[in-house]
Amino acid sequence: MAETTSIDDMEAKQGSSADSMMIEESKDMETPDVQNAAMKIERARGAYRDYEDHKPSKLEIWSWYLYGLCSYFVLTILVPVVFPLIISQIHPSPVRGSDKSSIGLVCEPHQMELYEKVTRRSISVKNLHFSPLEWTSISWVAGLILSSPLIPLISTHLDYSHNQQLIAGAATGIGSLFFLPVGFFNTTLIFPLYITAIVAAYVVASASHTRHLGLMVRGFTGAALHKSQFPARRGVSSWFSLYSTVFGCLGSAVMSAFTYHMLTKHAGERLVSLWVVSIFSGVKWLLLGIFHVISIKPGAVTAPMDSSSKPYYYYFLSLFKYPHAVGTLAVVFLSSFTTMSIFTGGLLHLVGQQCLEPIFILYFFLTYFIFPSFSLPLSQPLQQLIKADSVKMQLAGFFLAVVTSGVGYHFKENKWEKQHILVFAGIHSTCTGLLHAFGRVLLLDCSPHGREGAFSMWFSWVKTLGTCAGFALASAFPGNISASFRIAFCTAVIGIFTLIFGNISDVGGAKAAGVVVHQDSSDKGSPLDTTSSIIIKQPLHHDHHQTT
């Protein structure tokens, strides 16, 4: 009986130990999957909390708009208009009497005075002679050359360091500082130094400003979206970029009116008057720019990756791995070249060939810069109604450029009616605003998470390059509107073909950049899919409602 009991006990113990081993094996088999899913959920929730913390405040958004107000006019009024006028006042050239323009109109001396000064080749460097417009173009090119080595270096620091605010503040401070002494030295040879520093600083500051747009959009919509949720991101980014452009145009209108006031009220001291305009511009850029920098949340400028093991030029060249981004940069160059060529060539034709009164030139500037404050906000409801993406909105901008340059070229020998001039000023300003706003949005859609700084540096430099090229072309042929308008018409057509046949897409670029992720039907019941809804859907529905 004892032996039987011991045997039964042994068998019972063996059975219980076998059962326990089977239970432990089953637990071991199930634990890795459960732990893996739990870790994924926890990581995703942590990522959601990070992006929720980076949601921009109202102060941060308004400061971003104000930075557009104080910086957009640098390449629209100050460098292409005010600086040639200042240079022309240092060594003023004699103005001839009444003469007929190329279209047969008699232009009085007071109508032609400023035009003659900025187009006459009065600057001598050895055996070469340049006009103030050409001298400005040369200085502009020097600024781009100087800023080109900064692209790879600044790109890395914008993305992977804690000095983003310092970089933006330093660039704004340096650029605004060089506006202050432009009338102090009575020589034109020092202006390349001023313009070079201003252009280089503007490229870096504009890149920081553009990168911040990408961070704000990501704060509202999340780091990764499904394709069905991408229209929400499209609406947020378009809203921010359009209204920043509106503020920038209003700032340019203020500066153009202030420039006209100083020229007419202080005609005997135009150099000092224009110097005051430059000082006011620098102070405005400095104060509002620094306010924008200090209003950014420190957490919103820290990238989650470490680039210490990668060379500094890696992120600079990484853009060429993304065909959609490369195509977008080509379109940005063509659009900025086209719009600046039409603007500069048309303005020189109005002043030098159409013999318009100075007061009407002020009306032209005010129409050109104020009209987008109405047309651009109306374009976003239209965009949402027709479900147009950034590519289609840029196509609309290029079509407007084709219309403006084509009509201007066709009627170049005729006297233009004032009401027609104002109408086409509004059309072209809308074209310029659309191309600027949606070109920026499209490039950020193609920017991978953590590389917004590198892509923004490319965007800022290429856009400044295109603007400089358009200005240089029109300045080289000041009395020949045919050249600038004909070339602008061709580049606008090339831009249209690039967008249509270049296979450029905001959704396609976002997929390649990892902004849009594919949702597999086999993952619908997994814990990871539940996490995706936590990351994506909550910020979209809640935050986008707040912005609108």
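Residue numbers count from 1 along this sequence. As the structure is a computational prediction, the values presented were derived from the model and not from experiment.
In this structure, Cys431 and Thr339 have side chains that are in contact, with non-hydrogen atoms separated by less than 4.5 Å. No side-chain heavy atom of Phe438 sits under 4.5 Å from any side-chain heavy atom of Lys392. Two residues are said to be in side-chain contact when any heavy atoms from C-beta on lie closer than 4.5 Å; Val326 and Tyr322 fail this criterion. The shortest distance between side-chain heavy atoms of Ile496 and Leu499 does not fall below 4.5 Å. At least one side-chain heavy atom of Leu329 sits less than 4.5 Å from a side-chain heavy atom of Leu319. With a 4.5 Å cut-off on side-chain heavy atoms, His436 and Lys463 count as touching. For the pair Pro377/Val246, a side-chain contact is recorded, criterion being any heavy-atom separation below 4.5 Å from C-beta on. Between Leu442 and Ile504 the shortest side-chain heavy-atom distance falls below 4.5 Å.
Judged purely by atom type and a 3.5 angstrom limit, Ser429 uses its side chain to pair as donor or acceptor with the backbone of Gly426. Side chain of Ser278 to main chain of Phe179: a donor-acceptor pair is present (N/O by atom type, distance under 3.5 Å, no hydrogens or angles). A distance-only check finds no donor-acceptor pair linking the side chain of Ser238 to the backbone of Gly235 [under 3.5 Å]. Listed for the Arg270 side chain is no donor-acceptor partner under 3.5 Å among the backbone atoms of Gln89. Listed for the Thr172 side chain is no donor-acceptor partner under 3.5 Å among the backbone atoms of Gly169. Between the side chain of Ser456 and the backbone N or O of Arg211, at least one donor-acceptor pair lies under 3.5 Å. Between the side chain of Thr491 and the backbone N or O of Ala488 there is at least one donor-acceptor pair closer than 3.5 Å. At least one donor-acceptor pair closer than 3.5 Å links the side chain of Ser148 to the backbone N or O of Ile145. Although no hydrogens or angles enter the test, the distance criterion places no donor-acceptor pair under 3.5 Å between the side chain of Ser341 and the main chain of Phe337. At distances below 3.5 Å, at least one donor-acceptor pair connects side-chain atoms of Ser88 with backbone N or O atoms of Leu85.
In this pair, Phe320 and Trp458 present their aromatic rings perpendicular. The plane angle is above 60°, beyond the 30 to 60° band. A tilted orientation is assigned to the rings of Phe343 and Tyr368, their planes being inclined by 30° to 60°. Aromatic ring orientation, Phe365 versus Phe369: parallel (interplanar angle below 30°, classes split at 30° and 60°). Note on ring orientation: taking the six-membered ring where Trp is involved, the planes of His209 and His292 are perpendicular (angle over 60°, cut-offs 30° and 60°).
In this structure, Ser256 and Ile77 approach most closely via the heavy-atom pair CB-CD1, 4.0 Å. The shortest heavy-atom contact between Ile87 and Pro132 is CG2-CB, 3.9 Å. Closest heavy-atom contact between Ala437 and Thr245: CB-OG1, 3.6 Å. Across every non-hydrogen atom of Phe455 and Cys446, the tightest pair is CE2-O, 3.4 Å. Across every non-hydrogen atom of Gly282 and Ser176, the tightest pair is O-CB, 3.1 Å. In terms of heavy atoms, Pro80 sits closest to Leu75 at CG-O, 3.6 Å.
Side-chain rings of Phe489 and Tyr409 stay apart, their centers remaining 6.0 Å or farther from each other. In this structure, Phe485 has its ring center no closer than 6.0 Å to that of His349. Note: Trp64 and Tyr67 fail the aromatic proximity criterion, with ring centroids not under 6.0 Å apart. You'll find the ring centres of Phe83 and Tyr194 outside the 6.0 Å limit. When ring centroids are compared, Phe191 and Trp135 stay outside the 6.0 Å threshold.
Taking OG from Ser147 and CD1 from Ile154, the interatomic distance works out to 10.5 Å, rounded to the nearest 0.5 Å. Atom CG in Asn480 sits 9.0 Å away from atom NZ in Lys412 (nearest 0.5 Å). Here CG of Leu376 is found 9.5 Å from OH of Tyr243. Values are rounded to the nearest 0.5 Å. Taking OG1 of Thr467 as the start and CZ of Phe471 as the end, the distance is 11.0 Å to the nearest 0.5 Å. Note: Ser139 OG to Ile190 CD1 = 11.5 Å, rounded to the nearest 0.5 Å. Here Glu116 contributes atom CD and Ser131 contributes atom OG; the two are 11.5 Å apart, rounded to the nearest 0.5 Å.
Counted within 6.0 Å of CH2 on Trp416, heavy atoms from surrounding residues, nucleotides or ligands total more than 12; the atom is thus considered enclosed. The 12-atom threshold is exceeded at CZ of Phe258, counting heavy atoms of other residues, nucleotides or ligands nearer than 6.0 Å.
When each of Asp389, Thr221, Asp506 is paired with Arg234, the side-chain hydrogen bond (donor to acceptor under 3.5 Å, both in side chains) condition holds for Asp506 and for no other. Screening Thr210, Val204, Val203 against Ser206 for a side chain to side chain contact (heavy atoms under 4.5 Å, CB included) leaves a single residue, Thr210.
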Where do Leu356 and Ile421 land on the side chain to side chain contact (heavy atoms under 4.5 Å, CB included) test, with the steps shown first?
CA-CA 11 Å; Leu356 296 171; Ile421 295 173; 3.9 Å; yes
Take Ile90 and Thr187 through the test side chain to side chain contact (heavy atoms under 4.5 Å, CB included) and record every step on the way to the result.
CA-CA 7 Å; Ile90 294 179; Thr187 176; 5.6 Å; no
Side chain to side chain contact (heavy atoms under 4.5 Å, CB included) between Leu422 and Phe371, intermediate numbers included:
CA-CA 10 Å; Leu422 296 181; Phe371 189 82; over 6 Å; no
Applying side chain to side chain contact (heavy atoms under 4.5 Å, CB included) to Ser241 and Leu213, what does each step give before you reach the verdict?
CA-CA 8 Å; Ser241 190; Leu213 172 62; 4.3 Å; yes
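Classification of Arg233 and Asp445 as a salt-bridged pair holds, one side-chain N sitting under 4.0 Å from a carboxylate O.
Taking Ser237 as the reference, Val217, Val441 meet the side-chain contact (heavy atoms from CB on, under 4.5 Å) condition, with sequence neighbours excluded.
With 3.5 Å as the limit, one finds no donor-acceptor pair spanning the side chains of His212 and Gln164.
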